[in-house]
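Here the structure is laid out as structure tokens; the discussion comes afterwards.
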There are 2 protein chains.
Amino acid sequence: MTFQEKASQAIREAGGRMTAQRQIILELLETSDEHLDAEELHRRARVQDSDISLATVYRTLNTLQEAGLVQQRYHSPEHSRKYVEPVHADEEYHFTCRNCRRVMPFHSELMQQLKQQLEAELNVQVFNACVCVDGLCPECRASSHKE
Amino acid sequence: MTFQEKASQAIREAGGRMTAQRQIILELLETSDEHLDAEELHRRARVQDSDISLATVYRTLNTLQEAGLVQQRYHSPEHSRKYVEPVHADEEYHFTCRNCRRVMPFHSELMQQLKQQLEAELNVQVFNACVCVDGLCPECRASSHKE
DNA sequence: GATGCTATTGCAACCTATTCTCAATAAGAA
DNA sequence: TTCTTATTGAGAATAGGTTGCAATAGCATC
């Protein structure tokens, strides 16, 4: 079942409706492999429907998140902007360079372990973990040494 | 060297000045073991100086952060508010209940490992890692099962 | 296909956390 | 004490996101 099919079904099951606007947003989420924020999503959605509003993008993302179909990520250490992606098996986290703002994605089995540890020790159920690491990327690290 | 001494020194070295307002904020940061946000800090600072402004609190926190003396933490998954704490040896992270909003702090040596892994694999230098985990706390987990 | 209920939409106003502008003040070096 | 300029308080501004409302449009039912 594709992401779009899963999403339509989840929306229906929650008593919601499939609209043209939601179709567009789902398609963009599924086909893009980049991380999108609401504004970028809005920009792209307008190519297909120039009337679609930013508020609709935000509302759709919230609906999808409640249904557990997309998850938020923050890239910068300031966490000033939410990025969104379909929920996948492989979870990606981000390192941001404090100097040049570059974002480097990474994977780590340690995050899976962390979730398990929390579920065992705190007796909680984990839905989502957000990790933002910041520091200096290889280039900025090298150039800061030179000075 | 106490936190306040270190901070005064760092501020001086950066060509800054020690002011009464900064003293108050440093003292609050050092003596409180809770996590404070800018507004709570402002509220408490006003007990000592009723004229101190919220902008000054924010500015001081930014100055301290640039000097590496305090670090930000986010408690809720929405990351709507920054909390701040002096940089310590023992790093604390937070789990937030999606249902009742309760915040449970936790420690994990896995985070230390994650940093080391990143430094080794990505060849970066890590300054700070922020982890926000959300899900259901033991109580909400139990009551959601009953329904 | 037409009808009716109500979820969804676009728009604009709103909210909240944080930053900025600017004139006045006050560190602290000389 | 004087002078330079970092810092301050006040309030306006900004940014990202949310909300109220009247109009629109899914979609279940006739």
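The sequence lines fix the lettering, A, B, ..., with proteins before strands; numbering per chain opens at 1.
If you check every strand for non-hydrogen atoms under 4.0 Å, B/D37 touches nothing. Contacts of A/L54 with the nucleic acid, taken as non-hydrogen atoms under 4.0 Å apart, are absent.
One can place CG of A/L26 at 14 Å from C1' of C/dT8, the figure rounded to the nearest angstrom. The interatomic distance linking A/E13 (CD) with D/dC27 (C1') rounds to 16 Å, in whole Å. Between the OH atom of B/Y74 and the P atom of C/dA17 there is a distance of 13 Å, given to the nearest Å. Distance, A/L41 CG to D/dG17 C1': 14 Å, rounded to whole Å. Atom pair B/E40:CD and C/dT18:P shows a separation of 14 Å (rounding to whole Å applied). The nearest whole Å value for the distance from the NE2 atom in B/H79 to the C1' atom in D/dA15 is 18 Å. Taking atom OH on A/Y83 and atom C1' on D/dG16, their separation rounds to 12 Å, with Å as the unit. Rounded to a whole Å, the CD1 atom of A/I24 is 14 Å from the C1' atom of C/dG10.
Side-chain N or O atoms of B/S32 include none that pairs as donor or acceptor with a backbone N or O of B/L28 at under 3.5 Å. In this structure, the side chain of B/E30 engages the main chain of B/F3 through a donor-acceptor pair within 3.5 Å. Checking side-chain atoms of A/Q23 against main-chain N and O of A/M18 turns up no donor-acceptor pair under 3.5 Å.
Checking B/Q117 against A/S108 by side-chain atom types alone, a donor-acceptor pair falls below 3.5 Å.
For the OP1/OP2 pair of D/dG9 and a distance below 4.0 Å, the side-chain nitrogens and oxygens of B/Q21 include at least one atom meeting the criterion. Side-chain N/O atoms of A/R17 include none lying less than 4.0 angstrom from OP1 or OP2 on D/dC27. Within the structure, every side-chain polar atom (N or O) of B/Y58 is placed at least 4.0 Å from both OP1 and OP2 of C/dT19. Contact annotation: B/T56 reaches the phosphate of D/dG9 (side-chain N/O to OP1 or OP2, under 4.0 Å). In this model, the phosphate group of C/dT9 is approached by a side-chain N or O of A/T19 to a distance below 4.0 Å at OP1 or OP2.
With distances taken from any side-chain atom of A/A55 to the nucleotides D/dG9, C/dC11, D/dG16, the minimum falls on C/dC11. Out of D/dC27, C/dA17, C/dT9, the shortest distance to the side chain of A/R12 is found at D/dC27. Of the candidate nucleotides D/dG16, D/dC27, C/dG28, C/dG28 has the atom lying nearest to any side-chain atom of B/M18.
Here A/R44 pairs with A/E40 in a salt bridge; the nearest charged N to carboxylate O distance falls below 4.0 Å.
Not a single donor-acceptor contact under 3.5 angstrom links the side-chain atoms of A/R59 to the base of C/dT9. Counting atom types as modelled, B/R22 pairs no side-chain N or O with a base atom of D/dT7 as donor and acceptor under 3.5 Å.
In terms of position on DNA chain C, the residue among A/T63 and B/R81 whose nearest nucleotide sits closer to the 5' end is A/T63. Heavy-atom nearest nucleotides on DNA chain C were determined for A/I52 and for B/N62, and the one closer to the 5' end corresponds to A/I52.
In this structure, the side chains of B/E92 and B/H107 come closer than 4.5 Å at one or more pairs of heavy atoms.
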